[in-house]
Every structure is written in structure tokens, then in C-alpha cells.
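Working notes, structure below.
Whatever order the structure lists them in is the order used to number ligands and atoms, beginning at 1. Atom set for the values below is all heavy atoms of this structure, side chains included, hydrogens, waters and symmetry mates excluded. Everything numeric in this text was worked out from a predicted model, so none of it was measured.
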Amino acid sequence: MTLKFVHILGVPFVHTNQKDFIATLEERIDKQEKTFVVTANPEIVMHSLKDQPYKKLLAKATYITADGIGIVKAAAIIGEPLPERVSGYDVMLDLLESANKTHARVFFLGASEAVLQATVKKAKTDYPGIKVVGSQNGFFDWNDHQLPQQIQNMKPDIVFVALGFPRQEQWIGTHIDQFDKGVFIGIGGSFDVFSGSVKRAPEMWQKMNLEWFYRLVKQPSRWKRMLVLPKFAATVIGRKAFRKG
Ligand code: UDP
């Protein structure tokens with residue numbers, strides 16, 4: 001399946017919706033095509049503008065999806081609309097659903113040991129058809145090269161990498177060349193939500209595109225990270241005006 005891309009501040013976002021994107025990933029899993037997925041929000045885009053090594057890692061991604069209403073809005077502003085959000089959490093749930101049917105091999109990487117264990121337990125209960133081939137919490141020694149080797153030996157079809165941004169892209173981007181197959185996807189704090197340690201915004205809030213606000217209210221310590229949103233909007237609008245002027 002050939003997909004179109006929309007560039008937002010130099011980051012190529014895949015022009016797709018949730019359903020088609022999952023179908024694309026299923027096809028790649030079936031063909032054992034190695035895939036690196038970044039689910040990017042405005043924070044990631046802004047970080048890529050000032051961090052060249054990080055931008056180079058993003059360039060290794062097979063697909064970058066619009067995780068965050070800010071990206072969808074930005075695409076509309078520049079006149080190249082994206083169909084909808086394709087969030088890391090939703091992709092994780094749909095991939096688990098699909099793995100349940102195909103008995104795919106799944107590896108879980110990231111979060112605290114307690115959250116990871118709860119995630120694995122719930123995944124095995126809710127999706128009994130999946131094969132959990134391994135798991136590792138997100139607080140390991142980065143210089144220990146055994147982990148990528150261990151994952152390669154397990155031959156997973158899907159590796160969920162929940163190390164938060166920018167660590168998950170750094171980890172996948174650094175090691176992706178060592179793997180033969182598998183969908184490697186960075187999914188931020190998804191294990192915390194999946195295991196019930198952190199609540200996702202109620203559906204109403206999600207529908208009103210206020211999920212970011214809900215997270216801010218629940219975790220006020222995130223306010224500093226939110227400051228990037230107006231900067232992102234200003235940069236997108238500024239570049240658009242400059243192009244037209
Ligand atoms: N985390 C991790 N290793 C680290 C730092 C963080 O596994 O060295 C985990 C953390 O436990 C949490 C997730 O990464 O589950 C980060 O979640 P957050 O909501 O902050 O994701 P972000 O929005 O940063 O992508």
C-alpha cells in the first residue's frame with residue numbers, strides 16, 4: 001500500500017487514518033518487513049528543529065503518525081489536511097487485537113517494573129491469542145547491548161517501546177539496523193494507561209480534542225511541557241505566512 005506524506009516543519013507525516021494504518025502494519029507484519037513507527041506530537045516536531053541527531057533518528061522511521069490534535073490542526077493550517085489522529089495508544093490496542101487473531105509474537109519494553117508486569121498480565125488476559133515473547137522495564141542500562149540481542153533472538157512481530165519521548169525514538173533508531181523483522185513502535189506512557197495506573201481522558205474530552213487539557217489537570221507537573229504548544233502553532237503559522245509572502 002503506497003501512502004502519501006504531509007510535511008510539517010520538516011517532519012513527514014503519513015497521510016492515513018487509524019483503520020488503513022493498522023491494515024498497512026498488518027500487511028508488513030505478514031510479510032516480515034521491518035518497520036519503525038514514530039507517533040509524533042508537536043513536542044517531538046519542535047524537538048526535531050533544535051536537535052539534529054534526533055532529527056536524523058526520525059529520518060530512519062518508516063512511518064511518522066499524527067499523535068495529537070496539534071499536528072492535525074497544523075496540517076489543516078498549511079492546507080494539506082490529515083484525515084485524523086493516529087495515536088500511539090490506539091495503535092497499540094488495535095495491534096494487540098490483530099495479534100490476538102494471528103497469534104503474533106509481542107515484546108513489551110518500557111515503564112516501571114510494576115506497570116510493565118500489570119501491562120503484560122492484562123495483555124495476556126484480554127488478548128489470549130498473543131504470544132508474549134518477552135518484556136523489559138524501561139529503566140535498564142543503555143550501554144548494555146544484550147537487550148537488542150535478546151529481542152532479536154525472540155523474533156518478535158511487534159515491539160511496543162514505552163520509554164517516553166525522546167528516549168523511545170533514540171532507542172529504536174539506534175538499534176533498528178540490528179533487527180531482521182518486527183514493527184517497533186514508540187508509544188510514550190501507553191503502558192501506564194493500559195495497566196490502569198494513569199487514566200485516559202473520558203471519551204467526551206477526547207472527542208472535544210481536550211485530551212491534552214485533561215492530562216494537564218491530572219498531572220500538573222506537565223505544564224512546562226505544554227509551553228511548546230503555542231510555540232509550535234506560532235512556528236507553523238509563521239512559516240505559512242512566510243511562504244505566501
Ligand atoms: N520511562 C521509561 N524509562 C525512562 C523514563 C521513562 O520507561 O528512562 C517510561 C515512564 O515510566 C512512562 C513513559 O516512559 O511509562 C513516559 O510517559 P510519558 O507520558 O511521559 O510519555 P511521553 O509523553 O514523554 O512520550
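Residue contacts with ligand 1 for Leu163 involve both N, CA, C or O and side-chain atoms from C-beta outward (heavy atoms, distance under 4.0 Å). When non-hydrogen atoms are compared, ligand 1 lies under 4.0 Å from neither the backbone nor the side chain of Gln136. Looking at Arg167 against ligand 1, only its side chain comes within 4.0 Å, counting heavy atoms. Residue Gln219 does not touch ligand 1, judged by heavy-atom distances below 4.0 Å. With a 4.0 Å cut-off on non-hydrogen atoms, Glu169 does not touch ligand 1 at all.
Given atom 25 (O) of ligand 1, the protein heavy atom at minimum distance is Phe165 N, 3.1 Å. Looking from atom 16 (C) of ligand 1 to the surrounding protein, the closest heavy atom is Gly164 CA, 3.6 Å. Here the heavy atom of the protein found nearest to atom 3 (N) of ligand 1 is Gly138 O, 2.7 Å. Considering only non-hydrogen protein atoms, atom 24 (O) of ligand 1 sits nearest to Arg225 NH2, 3.1 Å.
Counting only heavy atoms from C-beta outward, the side chains of His47 and Lys55 never approach each other to under 4.5 Å.
Sorted by first and then second residue, the side-chain hydrogen bond (donor to acceptor under 3.5 Å, both in side chains) pairs involving residues 33-43 (not counting sequence neighbours) are Arg28-Thr35, Glu43-Arg225. Pairs of residues two or more places apart, or lying in two chains, that qualify as salt bridge (Lys or Arg N to Asp or Glu O under 4.0 Å) and include a residue from residues 169-190 are Lys60-Asp177, Asp157-Lys181.
Heavy-atom contacts from other residues, nucleotides or ligands closer than 6.0 Å to CE of Met208 number 12 or fewer. Few gaps surround CZ on Phe140; more than 12 heavy atoms of other groups in view lie less than 6.0 Å from it.
Proximity of Phe139 to ligand 1 is established by a heavy-atom distance of less than 4.0 Å.
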Requested in this report: May I have the step-by-step check of salt bridge (Lys or Arg N to Asp or Glu O under 4.0 Å) for Glu211 and Arg215, ending in yes or no?
Outcome: CA-CA 6 Å; Glu211 193 164 9; Arg215 288 185 87 181; over 6 Å; no

(message) Working note: Gln170 + Leu57, criterion side-chain contact (heavy atoms from CB on, under 4.5 Å); need CA distance, chi angles, decisive distance, verdict.
(response) CA-CA 7 Å; Gln170 286 162 343; Leu57 291 175; 3.6 Å; yes

After noting the C-alpha distance and the side-chain angles of Val193 and Lys199, does the key distance pass the side-chain contact (heavy atoms from CB on, under 4.5 Å) rule?
-> CA-CA 6 Å; Val193 178; Lys199 280 221 165 6; over 6 Å; no

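To the nearest 0.5 Å, atom CG of residue Leu3 and atom CG of residue Asp20 are 8.0 Å apart. Once rounded to the nearest 0.5 Å, the distance linking CZ of Arg200 with OH of Tyr214 reads 11.5 Å.
Less than 4.0 angstrom separates some heavy atom of Asp192 from each of these atoms of ligand 1: 12 (C), 15 (O). Here is the list of ligand 1 atoms found below 4.0 Å of a heavy atom in Gly188: 13 (C), 17 (O), 21 (O), 25 (O). Listed by number with element, the atoms of ligand 1 under 4.0 angstrom from any heavy atom of Arg222 are 19 (O), 20 (O), 23 (O).
The shortest N or O to N or O distance between Ala111 and ligand 1 is below 3.5 Å. At least one N or O atom of Arg215, backbone or side chain, sits closer than 3.5 Å to an N or O atom of ligand 1. For Gly110, no nitrogen or oxygen atom sits less than 3.5 Å from a nitrogen or oxygen atom of ligand 1, counting backbone and side chain alike.
Summarising the contacts of atom 17 (O) of ligand 1 with Ser190, Gly189, Ala162, Gly68, the nearest heavy atom is found in Gly189.
Proximity of a side-chain donor or acceptor of Gln168 to a complementary backbone N or O of Gly164 within less than 3.5 Å is detected.
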